[in-house]
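Worksheet: the structure to be examined is printed underneath.
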Amino acid sequence: MRMSSLFLRTLREDPADAEVPSHRLLVRAGYVRRVSPGIYTWLPLGLKVLRRVEEIVRQEMDAMGAQELLFPALLPREPFETTGRWTEYGPNIFRLQDRKGADYLLGPTHEELFTLAVKDMYSSYKDLPVTLYQIQTKYRDEARPRAGVLRGREFVMKDSYSFAVDDAGLDKAYDQHRETYIRIFDRLGFHYVIVAAMAGAMGGSKSEEFLATAENGEDTYVHCPQCGYAANVEAVRVPAPPALDFTTTPAARAEDTPDTPTIAKLVDVLNARFPRDDRAWAAGDTLKNVIVKVTHPDASTEVVAIGLPGDRDVDEKRLEAQLEPSTFEVFDDFPSVPQLVKGYIGPGVLGAEKDAKVRYLVDPRVVDGTAWVTGADVQGQHVLSLVMGRDFTVDGTIEAAEVRVGDACPNCGHALEAARGIEMGHIFQLGRKYAEALGLKVLDENGKLVTVTMGSYGVGVSRAVACVAEGNHDERGLIWPRQISPADVHVVATGKDEEVYLAAEDITRGLEAAGLVVLVDDRRKVSPGVKFKDSELIGVPTIVVVGRGLAEGVVEIKDRRSGEGRSVPVESAVAEILAEVRGTSA
RNA sequence: CGGGCUGUAGCGCAGCUUGGUAGCGCGCCGCGUUUGGGACGCGGAUGUCGCAGGUUCAAAUCCUGUCAGCCCGACCA
């Protein structure tokens with residue numbers, strides 16, 4: 001690639017609409033250009049990087065035995081109608097019609113198509129397991145595309161799907177993907193964590209996300225510095241403490257606590273009128289009961305009470321993940337359930353078997369023997385020393401309370417910390433949801449029809465480009481890892497003497513003969529300063545300067561990341577550069 | 001979808017308060033001088049001032065509407 005003719009224009013200033021470093025630098029250095037919100041053109045340098053990422057993903061997928069194919073991006077409505085996603089996906093789908101008025105969509109993901117392809121071609125357990133993948137452009141009409149190519153409405157994704165006759169086969173495919181993803185993300189040069197994610201309603205299935213660690217990442221996760229546990233907030237399991245002995249706990253008693261509609265006021269009143277011997281009352285001593293209205297997929301509704309320590313709020317995302325596929329909203333129709341006294345709701349009226357028919361689920365911290373201050377179901381009264389398992393029972397537990405930094409790690413009990421990341425990959429045991437909906441069954445060895453079980457696995461390929469840029473830059477520009485740099489070496493010729501350009505040509509030819517991709521700055525009448533700035537902005541890891549040193553018979557090899565350089569004789573330059581690029585000593 | 005900000009040359013921006021010849025820097029073209037850290041001189045090209053309507057002798061500027069973008073939040077790979 002010759003800079004004198006390369007389709008490239010670098011920008012001296014940051015584009016006004018770019019905020020995050022990867023977006024700024026990819027635009028400034030001439031890798032991408034915006035066409036429309038969340039829709040980008042890949043310029044020659046950017047496309048080189050994208051292709052190299054693709055190739056790494058492809059090599060590793062092939063190595064695990066997955067087979068590549070390619071579905072259309074333009075898809076008919078029907079399969080998505082069958083699985084319900086035509087409506088479920090809502091406004092996130094790009095929809096269009098053909099000349100006859102038939103509905104189409106631009107594929108946001110391809111579970112339906114893969115499932116139907118296997119159904120179309122296979123019908124025996126002998127054909128399974130099989131894993132298929134594609135590297136393809138996806139479309140999602142994001143509410144808010146941002147950060148350039150990091151979160152686009154059109155993006156390149158590798159998606160793969162595994163098909164197996166039984167759960168053991170699914171587990172195996174899942175584990176293979178996990179190992180393959182580790183290899184892929186290691187090769188791409190990421191710092192990443194694997195976090196436990198919510199698998200949704202298909203009980204017992206596994207799901208993990210690969211997050212590139214990034215301060216301005218969009219996803220928050222918690223992790224344990226002691227044992228390495230990491231999880232999405234939605235997926236954190238609160239460890240249940242052991243049951244307590246309550247033989248010495250005094251009997252429950254109802255007390256007047258007027259004007260205490262909030263936990264804070266209740267705590268004040270408790271400390272003023274019923275002080276404890278050992279310490280002051282705190283919000284965590286109270287049991288707060290939050291009422292929600294749950295809507296099930298069949299459109300039936302149910303009122304549910306969630307009991308949790310008074311110092312915590314309900315985390316809507318966690319609750320939603322627990323209830324999926326049902327949805328919930330805050331309950332406000334108190335007149336319809338007269339047993340519920342707003343502000344003073346207690347376990348006395350809660351429970352599926354009681355008159356109010358309000359199912360009662362509590363936080364896992366509410367274990368047998370724990371004593372609480374909670375509503376007495378009478379206006380202006382609370383109950384003290386109400387003991388779980390002695391004075392009240394519940395219908396079950398639910399993970400709906402907010403997770404906080406400092407909470408105990410479910411694995412080892414150490415305090416959890418929070419961090420942010422960018423989702424780069426997701427592996428997910430789908431189970432039989434799509435196979436059932438679309439009728440993918442095979443005959444097993446007994447001649448009986450069994451529903452196939454599936455996994456789905458994704459890697460954000462175009463996102464990976466931005467994500468690597470996000471993690472590999474300095475104030476001067478990009479710094480690509482060797483594996484995905486648009487070129488192996490950037491040869492910069494400076495000066496006006498024809499000899500430097502001839503020498504640069506020689507070196508370039510020598511490197512290309514050895515199989516390297518070389519970007520050579522052969523622009524005449526461009527000052528050295530401009531060329532140096534451009535080379536640092538573009539970010540090829542090894543920069544070779546052919547300039548004034550040539551008079552003494554040397555050229556300079558510079559490492560973009562460290563900034564360190566060394567002079568080598570021009571005769572041995574090619575060998576020295578090859579050694580540098582290949583990581584061997586000359 | 002809610003809140004805030006912004007739309008003027010390829011890029012970054014000024015001009016708008018107080019209506020009257022559309023500007024600056026970078027980039028681009030020509031000539032010359034320069035060539036190790038975004039050089040300099042001289043000359044030049046490039047505009048639907050987001051769009052539509054209105055007020056006015058006259059609108060980038062004032063009014064109304066509308067579209068788009070960015071940021072924060074909600075939501076989402």
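In the text below, chain A, chain B and the rest are named by the order of the sequence lines, each starting its count at 1.
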Can you spot which of A:V130, A:L170, A:L132 makes a side-chain contact (heavy atoms from CB on, under 4.5 Å) with A:S162?
-> A:L170
Nucleotide B:G27, atom P - distance to CG of A:D534 in whole Å | 11 Å
Kindly write out the residues that satisfy ring-ring contact (aromatic ring centres under 6.0 Å, His included) with A:H23, not counting sequence neighbours, or none if the list is empty.
-> A:Y40
Nearest-neighbour nucleotide for the A:E423 side chain, B:A39, B:G37, B:A77 considered = B:A77
Name all residues meeting the ring-ring contact (aromatic ring centres under 6.0 Å, His included) criterion together with A:F190; count only those two or more places apart in sequence or in a different chain, and write none if there are none.
-> A:F185
If you find the nucleotide of RNA chain B closest to A:N92 and the one closest to A:T10, which residue's nucleotide is nearer the 5' end?
-> A:T10
Give the rounded distance in Å between these two atoms: CD of A:Q136 and C1' of B:A77.
-> 14 Å
A:A464 and A:L188: which non-hydrogen atoms are nearest, and at how many Å?
-> CB-CD1, 4.3 Å
Contact summary for A:E54 and A:R51, nearest pair of heavy atoms = OE2-NH1, 3.0 Å
Check every strand shown and say whether A:R476 touches a base, only sugar-phosphate, or nothing at a heavy-atom separation below 4.0 Å.
-> base
Spacing between A:R12 atom CZ and B:G10 atom P, to the nearest angstrom = 19 Å
Which whole-number value in Å describes the distance from A:M157 CE to B:A77 C1'?
-> 7 Å
Rounded to the Å, how far apart are A:L150 CG and B:C71 P?
-> 11 Å
Could you tell me which nucleotide pairs with B:C28 by Watson-Crick or G-U wobble geometry, both distances under 3.5 Å, or answer none if nothing does?
-> B:G44
Evaluate the side-chain contact (heavy atoms from CB on, under 4.5 Å) criterion for residues A:L519 and A:M3: first the C-alpha distance (whole Å), next the side-chain angles of each, then the deciding distance (0.1 Å), finally the verdict.
-> CA-CA 7 Å; A:L519 176 64; A:M3 295 276 283; 3.9 Å; yes
Base paired to B:A39 (Watson-Crick or G-U; both N/O distances under 3.5 angstrom) | B:U33
Indicate, with a heavy-atom threshold strictly under 4.0 Å, whether A:G30 touches base, sugar-phosphate, or nothing.
-> nothing
Which pair of heavy atoms, one from A:A469 and one from A:L478, lies closest together, and at what distance?
-> CB-CD2, 3.7 Å
With sequence neighbours left out, the residues meeting ring-ring contact (aromatic ring centres under 6.0 Å, His included) with A:F71 are A:F114
Quote, to the nearest angstrom, the C1' distance that separates B:C49 from B:U6.
-> 14 Å
Result for 5'-nearest mapping on RNA chain B, choosing between A:H426 and A:E556, is A:E556
Could you check A:W480, A:F7, A:W42 and say which one makes a ring pair (Phe, Tyr, Trp, His ring centres under 6.0 Å) with A:Y31?
-> A:W480
A:Y192 side, atom OH; A:L211 side, atom CG - distance, nearest 0.5 Å = 12.0 Å
What is the base-pairing partner of B:A58, counting Watson-Crick and G-U wobble geometry with both distances under 3.5 Å?
-> none
For nucleotides 11-13 of chain B, tabulate all protein N/O to nucleotide N/O atom pairs closer than 3.5 Å, reporting atom names and distance.
from: B:G12; atom 1: OP1; to: A:A16; atom 2: N; distance (Å): 3.0
from: B:G12; atom 1: O2'; to: A:E13; atom 2: OE2; distance (Å): 3.2

Working for side-chain contact (heavy atoms from CB on, under 4.5 Å), residues A:E576 and A:I557 | CA-CA 9 Å; A:E576 293 276 356; A:I557 303 175; 3.8 Å; yes
Say you pick atom P in B:U18 and the same atom in B:U61; how far apart are they, in whole Å?
-> 14 Å
Under the 5.5 Å and 30° test, is A:F532 stacked on the base of B:G38?
-> no
What is the minimum heavy-atom distance between A:L116 and A:P79, and which atoms define it?
-> CD1-CB, 3.8 Å
Answer for the Watson-Crick or wobble partner of B:U21, both distances under 3.5 Å, is none
Residues in contact with RNA chain B, drawn from residues 490-504 of chain A - heavy-atom cutoff 4.0 Å = A:T494, A:G495, A:K496
Using Watson-Crick or G-U wobble geometry with both distances below 3.5 Å, tell me the partner of B:G65, or none.
-> B:C51
Return the orientation label for the A:H223 and A:Y221 ring planes: parallel under 30°, perpendicular over 60°, tilted otherwise.
-> tilted
Integer-rounded Å distance: B:C26 C1' and A:R28 CZ = 12 Å
What interatomic distance, in whole Å, is found between P of B:A14 and the corresponding atom of B:G25?
-> 15 Å
Candidate nucleotides B:A39, B:A77, B:G37, ranked by approach to the side chain of A:S527 - the nearest | B:A39
Could you tell me which nucleotide pairs with B:C1 by Watson-Crick or G-U wobble geometry, both distances under 3.5 Å, or answer none if nothing does?
-> B:G73
Please measure how far the C1' atom in B:U56 lies from the corresponding atom in B:G20, and state the result in whole Å.
-> 12 Å
Could you go through the side-chain hydrogen bond (donor to acceptor under 3.5 Å, both in side chains) check for A:S567 and A:E556 one step at a time?
-> CA-CA 4 Å; A:S567 291; A:E556 189 181 1; 5.6 Å; no
What interatomic distance, in whole Å, is found between P of B:G44 and the corresponding atom of B:G23?
-> 14 Å
Quickly work out the A:R9 CZ to B:A9 P distance and round it to whole Å.
-> 18 Å
Considering only atom P, compute the distance from B:G32 to B:U46 and round it to an integer number of Å.
-> 24 Å
Got a sec? Which of residues 535-555 of chain A come in under 4.0 Å of RNA chain B, heavy atoms?
-> A:E536, A:V545, A:G547, A:R548, A:G549
B:C63 and B:A22: how far apart are their C1' atoms, nearest whole angstrom?
-> 23 Å
Whole-Å distance, A:R34 CZ to B:A68 P, equals 12 Å
Looking only at atom P, what distance separates B:G36 and B:C31, rounded to whole Å?
-> 23 Å
Between B:U34, B:A77, B:G37, which nucleotide has the shortest distance from any of its atoms to the side chain of A:K525?
-> B:U34
